[in-house]
Enquirer: 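Let me begin by handing over the structure; questions about it come next.
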Amino acid sequence: MRNFSHLNLEDSATVSINSRILEMNERGERIFNLSAGEPTLPTHSLIAEAVQRAIASGKTGYPPVAGIPALRAAAAEWINRWYESSYTADETLVVPGGKFGIFAACQALLERGDEVVILSPYWVSYPSIVKLFGGVPVVVETKESQGWQTNIEAIQSALTERTKMIILNSGVNPTGAVYERSFLEAVLILASERGIIIVSDEVYSGLTYEGEYVSCGSFPEYRESVIVINSCSKNFAMTGWRVGFVFAPEVLITVLTKLQGQSTSGASTISQYAALGALQHAREVNVSVLSEMKKRRDVFVEGLRELLPSAHILTPQSGLYSFVPLTAFGNETSSVRFCEKLLADARIASVPGIAFGKEGYVRFAFGEKEEELRGALHAFEKVKK
Ligand code: PLP
C-alpha cells in the first residue's frame, strides 16, 4: 500500500463520532446523540412540494456546474435582502454544502507555507482543510470569560508577511458567539490594507437567537477581500440535501466553478430545486427552524443549569451547541476521557473540546428532538459530581 502522508489528511472528529453513534444505534444500543450538528426536523412541506414538482417535470439531469440560474439568482437575492449585501447571480456559486465551498476556496487560494488565521475554539474542519492544501493554521485564542470574543489587536499580532487568509465564523461552532459590526469592520479594514482574503463562514446566520447578525458581505467597500460561505443545512434544516453557497467577486467564482467542474460537477440537481423551494419561502421555513431550535436550546441549557447549579453555563447566542467547561462536572481535565466516560456511563455522545482546539471543554449539540434532550438530561444524573 502507498503512503498518503503527503496529503496531510485528518479525519473529521465530529463526522467520525457521529458515524460511530449511528452504528451503535443500528445495533440497537440506546444512545443520546448530542454530537451531531443537525437541526433534527423533517424537510419542510414547502420544500418537499418543490422537489416533487421538479421530479414530475423531469428536472433530474446534470445541473449547470455553477448551479441552476434560478437558484443562483434566488440565493443572491436572499443574502442581499437578509444581510444587506449586494451580490449578483454571477457572484454566486451553488456548491454541495458550505464545507465544499470552504474546501474549494482554500484549494484555489492557498500555496504551500501560506498562513491562515483561525480563531479558537474553531470548527474542526478549518485546520484540516488548510493543511490539506499546504497552508499553516495560525490560531488566535478566544476566552469564555470574554464571551468567546476577541479584539483586533489579537488578530493583528497573529499576522505576518505570509498571512494569506483569515477564516471567520460568526455564529461560532462550537461556542455560539456572534461578532459585532465594529469588530468585523476592523478585521476587514486590516485585511484589505494587507491584501489578505477573509473567508467568512456564515452557515449559522439564520440561527441567531438574540441580537443582530452582521454578514461580512454587508461592507461594499471591502467586497474584493471577502468570500462569504452560507448554506441551506442549518438555516433551513436541510443537512442531508447538501446545498451551500459561495458569494465572492466574479473572477473568483469563475475559478471555483472550474474547480467544481473538475470535481463534483455541482450540487445534485434535485437538491438544488429543494434549495430553490426553501429560498422562495425563506422566512416561513427559517422561522419554523429557528423557533424550534431556540426552544431546544432553552430546554437543554436550562436543564443543564438545574442539574449543575454551581456551574457557569453560557447561553449560546446562535447555532446548535452548548460549549461547557469540564469543571462543571468534576475533576476530569481531559476532554477525550470525559466524552468516553460519558458515552460508557450515561450513553451520551458528545464531542471533546480538544477537537475544536480547546482542552477542558465539551460540546453538546441541542438540535435533537426535545424528548431526546430531556432523556439525555436525565442520563446526566449518572455522571454529575
Ligand atoms: N461551517 C460550520 C461552522 C459548520 O459547523 C458546518 C457543519 O457542521 C459547516 C460549515 C458545513 O456545513 P454544510 O452542511 O453546508 O457543508
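Order of listing sets the numbers, starting from 1, for every ligand and every atom in it. Just so you know, these numbers use all the heavy atoms, side chains as well, and skip hydrogens, waters and symmetry mates.
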Enquirer: If you group Ile, Leu, Val, Met, Phe, Trp and Tyr whenever their side-chain heavy atoms sit less than 4.5 Å apart, what else falls in with V136?
Expert: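 Members besides V136: none; it forms no cluster.
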Enquirer: Measuring from each atom of ligand 1, which residues have a heavy atom under 4.0 Å away?
Expert: G97, G98, K99, W123, Y126, N169, N173, D201, V203, Y204, S231, S233, K234, R242
Enquirer: Using ring centroids (six-membered ring only for Trp), state whether W148 and Y321 fall under 6.0 Å.
Expert: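 So the answer is no for these two rings.
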Enquirer: Through direct or indirect side-chain contacts below 4.5 angstrom among Ile, Leu, Val, Met, Phe, Trp and Tyr, which residues connect to I354?
Expert: V336
Enquirer: Look at the aromatic rings of Y361 and F323 and report parallel, tilted or perpendicular, splitting at 30° and 60°.
Expert: parallel
Enquirer: With sequence neighbours left out, what residues match T239 under side chain to side chain donor-acceptor pair (under 3.5 Å)?
Expert: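 Here the qualifying residues are E38.
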Enquirer: Would you sort out whether F103 and F133 count as a ring pair (Phe, Tyr, Trp, His ring centres under 6.0 Å), showing the intermediate values?
Expert: CA-CA 9 Å; F103 182 98; F133 298 112; 5.0 Å; yes
